[in-house]
Structures are given as C-alpha cells and as structure tokens.
Amino acid sequence: MRRVLSGAVLLVAAVAAIWFLGTWPLLALAEAVLLLAAFEYSRLARALGLEIPLAFSVLIAMAACAAVVLPGTPVAIVLMAGLVAIGGSSVARGRPGPGVLADAAGALFPAIYLGLPLGALVAIHGAAGREALLLLLITVMISDTGQYYTGRTLGRRPLAPAISPGKTIEGALGGFVAGVLCLVFLGRVWLPSAPVSARVLLGIALVASGIIGDLFESRLKRAAGLKDSSALIPGHGGVLDRIDALLFAAPIFYIFLRYAHFS
C-alpha cells in the first residue's frame, strides 16, 4: 500500500508540474531533481571506491542541464569547461593514485548521465509543448507496467540475470508491445505530424532505451552492493530508481523532435 500511495503521489505531482508549470519553473524543478539524484550518484560512487569532488561535479551537471534548455548556450562549452574544472581539481589533490582516471571520469559523468537528459526533458516541454513531454512520460510508464505484469505472468527466461535477475525476456516483450501501442495511439493526438511508421520506430527506440537505462542503473547498484540508490521515496527507493529509464529515453525523444521533420 505504501508503494502504491507514494507512486500515485509522484504521478500526480509529475503530471501537474508538466501541465501547469512553464519552462523556467520546470527547469528549476529539474535542477532540484538533479541535485537529489547527484547525491545518490555520489553514494554509488563512494561504494565503488571513487573519490569525486561533489561540488564541482554537481555544478557542472546543473550547468549542462540548463545549457540544453537556454537558447544560445552551447552544451559543448559547458562540458569543456567542466573537463578543465575536474582536471584542475584532480591536479590540486597532489600525488596521483591508481584511481585518478576513474575518479576524474566519475566526476564528469553526472553532467552526461543526469544533466543532459533532465535538460532534454525541459527542452521537450519548451519546444514541443506539455503534450509531447506527457507522451514521453506516459509511454515509459506504460512500458514499465507492461514489463512488470507480463514478467510476473509469463516470465520464464531471464533478460539480464547477472544484473537484474527479476527481469525476463517475456516481460521486456510485453513492455515493447504496451509502450509502442501507447505511443502510436496517443501520438495520433499529441504527435500528429509523425506518420504511423515513425511513431512505431520511435516507440521501439524509447522502450529499448528505457530498458537499457533501467539495467544500467541496476548494474551500478549491483556493482556497488546496494539494493536501492536511497530510501527517499517509500516503497520505490531513490530518485535514480524512479528516473533511470527516462534518463535514457529522454535524449532519444529530444533528438527525434529536433531532427525528424515530416511534411
């Protein structure tokens, strides 16, 4: 019951934010989510033996998130400046250790893993409207639900047993069917310029990237020896546990909306 209640509250809050907030308040909310996720990421990093300058890492990730949204702000400039900042922080530590490369890479990674995808979510809202962002969110959620119930009912063959033993090939197929059908039918209203064939391909890409994002975060947790990224959300774990699929699906949808043009 606790899981259901907290999930319902999160869903209502997310839909309300997407529907009623403008681009800039939504960016501020995305930055707050990024901050929470970054602290969870730092917990995973410490468990994996990494030493990262958290303040530098968070600031660079937040700047990358904003750069995706703010017009005329090159993301490449933010990432290059971040590289210099992380390198300077590494040099300032003095004597190098065997993990210097892993530490530096781990410090810059949140800008790519958290900053760019969360910025893409807000950019989708600003460029294509709240309906487009809701379409992405609902597709990922329906796919997750399809995976869960199909896996529980029909699941026999493990999808990635070394990473997430509970996930099955049958569950993944159920998620593909549910997610693609959702995007095809809702996309008739919320993505009317895209033909059916494009919506089918986009649905497949979004579901596949969401599954990869879920498994990637599971791999991080398993390597770190942690069940959840945190206990922030009752019954659901942490922020990373809730947005892991979106972090990989959002860039795909953003790229599609930006570069796919239909007459």
Side-chain angles (χ1 to χ4, degrees), residues 6 10 14 26-69 75 78-90 93 97 99-123 137 140 144 160 162-164 209-252 254:
S6 60
L10 283 175
L26 200 61
L27 175 59
L29 180 60
E31 296 283 24
V33 171
L34 189 155
L35 187 61
L36 293 172
F39 278 105
E40 294 177 355
Y41 170 84
S42 70
R43 178 173 177 244
L44 292 171
R46 286 194 304 272
L48 290 169
L50 300 181
E51 296 181 15
I52 63 173
L54 184 59
F56 272 125
S57 187
V58 170
L59 286 174
I60 295 163
M62 294 179 75
C65 177
V68 179
V69 181
V75 174
V78 173
L79 294 179
M80 286 189 284
L83 172 64
V84 174
I86 294 298
S89 173
S90 178
R93 294 186 186 186
V100 60
L101 180 59
D103 292 345
L108 191 58
F109 188 58
I112 300 170
Y113 182 44
L114 303 175
L116 298 184
L118 288 172
L121 288 173
V122 182
L137 179 66
V140 172
D144 285 345
I163 299 174
S164 184
S209 57
I211 291 173
I212 293 170
D214 190 344
L215 290 174
F216 178 76
E217 199 243 352
S218 294
R219 190 167 190 259
L220 291 179
K221 291 186 296 185
R222 185 163 290 273
L226 300 173
K227 183 179 183 296
D228 297 313
S229 58
S230 77
L232 182 64
I233 306 171
H236 289 269
V239 173
L240 275 177
D241 297 318
R242 289 297 86 211
I243 65 172
D244 50 7
L246 273 175
L247 291 176
F248 277 54
I252 298 297
Y254 173 80

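Numbering starts at 1 and runs along the sequence shown.
- Going from atom CG of Asp144 over to atom CG of Leu246 covers 8.0 Å, rounded to the nearest 0.5 Å.
- For Glu31 (side chain) and Cys65 (main-chain N/O), no donor-acceptor pair under 3.5 Å exists by modelled atom type.
- In this structure, CG on Leu34 lies 11.0 Å from CG on Leu29, to the nearest 0.5 angstrom.
- In this structure, CG in Asp103 is found 9.5 Å from OG in Ser89, a value given to the nearest 0.5 Å.
- The main-chain N or O of Leu54 is never found under 3.5 Å from a side-chain atom of Ser57 such that the two would form a donor-acceptor pair.
- With sequence neighbours left out, Tyr254 forms a side-chain hydrogen bond (donor to acceptor under 3.5 Å, both in side chains) with Arg258.
- For the atom pair Arg43 CZ and Leu220 CG, the distance stands at 13.0 Å (nearest 0.5 Å).
- For the residue pair Ile52 and Ala107, the shortest heavy atom distance occurs at CG2-N, 3.7 Å.
- For Pro53 against Ile86, the heavy-atom pair with the smallest separation is CG-CD1, 4.2 Å.
- A pairwise comparison of heavy atoms in Val78 and Ala64 identifies CG1-N, 3.6 Å as the closest pair.
- Put simply, the side chain of Leu247 reaches to within 4.5 Å of the side chain of Leu118, judged on heavy atoms.
- Separation of atoms CD (Glu217) and CD1 (Ile243) is listed at 8.5 Å; rounding is to 0.5 Å.
- Taking the six-membered ring where tryptophan is involved, the planes of Phe248 and Phe216 are tilted, since the angle between them lies from 30° to 60°.
- The side-chain heavy atoms of Leu240 and Lys221, taken from C-beta on, include no pair separated by under 4.5 Å.
- Atom CZ of Phe109 has more than 12 heavy atoms from other residues, nucleotides or ligands within 6.0 Å.
- Residues Ala123 and Val69 share a closest heavy-atom pair of N-CG2, 4.1 Å.
- A 4.5 Å side-chain heavy-atom check between Val100 and Ser90 finds at least one atom pair inside the cut-off.
- Asp214 meets the salt bridge (Lys or Arg N to Asp or Glu O under 4.0 Å) test with Lys167; sequence neighbours excluded.
- Tyr41 contributes a side-chain N or O that, together with a main-chain N or O of Gly106, makes up a donor-acceptor pair within less than 3.5 Å.
- Listed here is the closest heavy atom pair of Ile60 and Ala111: CG2-CB, 3.8 Å.
- To the nearest 0.5 Å, atom CG of residue Leu26 and atom CG of residue Leu121 are 8.0 Å apart.
- The shortest heavy-atom contact between Ala66 and Leu27 is CA-CD1, 4.2 Å.
- Looking at Val239 and Ser229, their side chains never come closer than 4.5 Å, going by heavy atoms from C-beta outward.
- Side chain of Arg222 to backbone of Ile163: a donor-acceptor contact under 3.5 angstrom is found.
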